[in-house]
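These notes are about the structure you will find just below.
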Amino acid sequence: MVILLNCSFRGEKSNSNYFLGLLEGLLEEPCERIQLNRITDASVLEEKLATADALVLGMPLYVDGVPAQAVELMERLYADGAGSYGQLAVYVVSNLGFYEAEQTQIQLAIVKNWCERMGLTYGGALAIGAGEMMGGLRNVPMDQGPNKAMGEGLKKLASHISAHSVMENAFVQPTGFPRWMYLLAAQMNWAPQAKKNGLKRKEIRRRRP
Amino acid sequence: MRTVICDLPKEEWAKFEGAPQDVEVILNNGNMKKCIGCFGCWVKTPGQCVLADEYQKLGELYGKTEEIVIISRCCFGSYSPFVKNVMDRSISYVLPYFQIRGGEMHHKARYGNHIRIRAFFYGEHLTDAEKDTARRLVEANAVNFQGKVEQISFAESVGELREVFTW
């Protein structure tokens with residue numbers, strides 16, 4: 001059994017959950033997807049982890065690290081069950097708004113440190129740069145166009161999960177879509193969003209008070 | 001002014017004596033809402049979190065802050081859940097717009113100040129890897145908030161932390 005835990009508080013609609021869904025589609029093992037924002041009783045998750053083979057954390061990068069709510073869960077699991085899930089291998093599918101997927105390295109180190117404290121195997125990660133863009137390309141086949149490197153990365157991760165083996169952290173960006181182009185596209189994205197909320201472009205830069 | 005972000009209970013924080021006049025202290029009131037990653041602080045109420053509680057105006061506070069002092073339990077190289085939540089809900093301090101700094105993509109500043117950051121971590125038997133991760137986390141936060149790290153210290157206990165802490 002593979003537990004896919006979405007740590008984004010945006011829940012089912014989040015990019016993190018979308019990337020976990022792509023991975024799930026590649027896995028032959030039975031999988032269960034869990035939304036962290038819906039967990040009301042951590043002991044239910046703990047029971048599932050006790051018999052699972054792998055835990056995959058779907059994580060957005062929040063201020064260079066693990067989102068607060070996921071740190072809270074990691075602490076709870078550590079307090080309740082360090083050394084209890086020796087069979088578990090932990091993998092991460094991380095994503096971030098910045099282009100360079102390597103900016104997730106501190107987040108991944110935190111997960112690895114947690115695994116060492118827990119007595120779990122850290123199995124490695126796939127980090128997806130320009131996550132806001134990649135999460136918006138849901139109609140593009142996974143291994144084509146800008147999704148090519150991500151698709152290859154997910155396949156590699158899936159094969160390691162199935163083999164219960166360890167891989168090096170892998171970092172991918174949109175294939176054939178350079179950083180300057182992403183930066184430009186991202187800049188143009190904010191004003192329409194603000195406009196939907198009845199704001200003018202210049203109000204985005206508002207200083208308070 | 002200075003801002004302290006501290007995960008200790010109020011009575012423990014009170015034992016840190018000699019605080020200057022111009023200090024704003026962010027403590028855990030037990031009811032802090034979690035960042036939901038909605039970007040509302042960028043496109044709905046720019047400069048302010050949309051979650052209505054006493055932690056709504058962190059970005060505005062940092063805009064007038066010269067120094068941030070972080071006092072946090074070290075959790076696997078991360079800040080504690082409370083301190084991390086404070087950081088997560090602080091992104092209204094910067095703009096959604098990107099720029100390239102030091103060869104990497106980061107957010108543009110909303111305010112013109114450059115904050116000094118001092119971080120004090122505590123926790124028993126912290127590993128070298130955890131300390132290394134925590135140092136990198138503070139440094140990375142400073143890059144993203146266009147601040148400057150002045151000090152990063154580790155202590156085995158809160159008592160030991162009080163001994164190494166200075167204003």
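Chain naming here is simple, since letters A, B, ... match the order of the sequence lines and numbering starts at 1 in each. Just so you know, these numbers use all the heavy atoms, side chains as well, and skip hydrogens, waters and symmetry mates. The structure presented is a predicted model; accordingly, all values stated were derived computationally and were not measured.
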Drop me the distance from [X]'s [atom1] to [Y]'s [atom2], to the nearest 0.5 angstrom.
X: B:Asp128; Y: A:Asn113; atom1: CG; atom2: CG; value: 10.5 Å
X: A:Phe98; Y: B:His106; atom1: CZ; atom2: NE2; value: 6.5 Å
X: B:Ser78; Y: A:Glu72; atom1: OG; atom2: CD; value: 11.5 Å
X: A:Asn189; Y: B:Phe98; atom1: CG; atom2: CZ; value: 9.0 Å

Out of [options], return the one with the most heavy atom pairs under 4.5 angstrom to chain A.
options: B:Gly40, B:Gly63, B:Gly77, B:Cys35; answer: B:Cys35
options: B:Lys108, B:Gln99, B:Arg73, B:Arg89; answer: B:Arg73
options: B:Val143, B:Leu137, B:Ile91; answer: B:Leu137
options: B:Ala140, B:Ala129, B:Cys75, B:Pro96; answer: B:Pro96
options: B:Gly47, B:Gly59, B:Ser92, B:Pro81; answer: B:Pro81
options: B:Gln48, B:Lys57, B:Met87; answer: B:Gln48

So which part of [X] gets closer than 4.5 Å to some heavy atom of chain B, the side chain, the backbone, both or neither?
X: A:Gln103; result: side chain
X: A:Ile110; result: both
X: A:Arg205; result: both

Taking all atoms of both residues into account, what is the closest heavy-atom pair of [X] and [Y], and its distance?
X: B:Met105; Y: A:Tyr182; value: CE-CD2, 3.7 Å
X: B:His125; Y: A:Arg117; value: O-NH2, 2.9 Å
X: A:Ile204; Y: B:Leu95; value: O-CD2, 3.6 Å

Might you confirm whether atom [atom1] of [X] has over 12 heavy atoms from other residues, nucleotides or ligands at distances under 6.0 Å?
X: A:Arg201; atom1: CZ; result: no
X: A:Gln187; atom1: CD; result: yes
X: B:Glu124; atom1: CD; result: no

Main-chain N/O of [Y] paired with [X] side-chain donor or acceptor, under 3.5 Å:
X: A:Arg208; Y: B:Pro46; answer: yes
X: B:Asn85; Y: A:Ala68; answer: no
X: B:Arg110; Y: A:Arg207; answer: no
X: B:Lys84; Y: A:Val66; answer: yes

Checking heavy atoms, do the side chain of [X], its backbone, both or neither come under 4.5 Å from chain A?
X: B:Ile36; answer: both
X: B:Tyr79; answer: backbone
X: B:Leu61; answer: neither
X: B:Ser90; answer: neither
X: B:Asn144; answer: side chain

Centroid-centroid distance, A:Tyr78 to B:Phe76, less than 6.0 Å: yes

Heavy-atom pairs under 4.5 Å with chain B, option from [options] with the top count:
options: A:Trp190, A:Phe9, A:Trp180, A:Trp114; answer: A:Trp190
options: A:Glu102, A:Arg206, A:Arg179; answer: A:Arg179
options: A:Ala186, A:Pro209, A:Ala109; answer: A:Pro209
options: A:Leu199, A:Val111, A:Asp64; answer: A:Asp64

Side chains of B:Arg136 and A:Gln105 in contact at under 4.5 Å (non-hydrogen atoms): yes

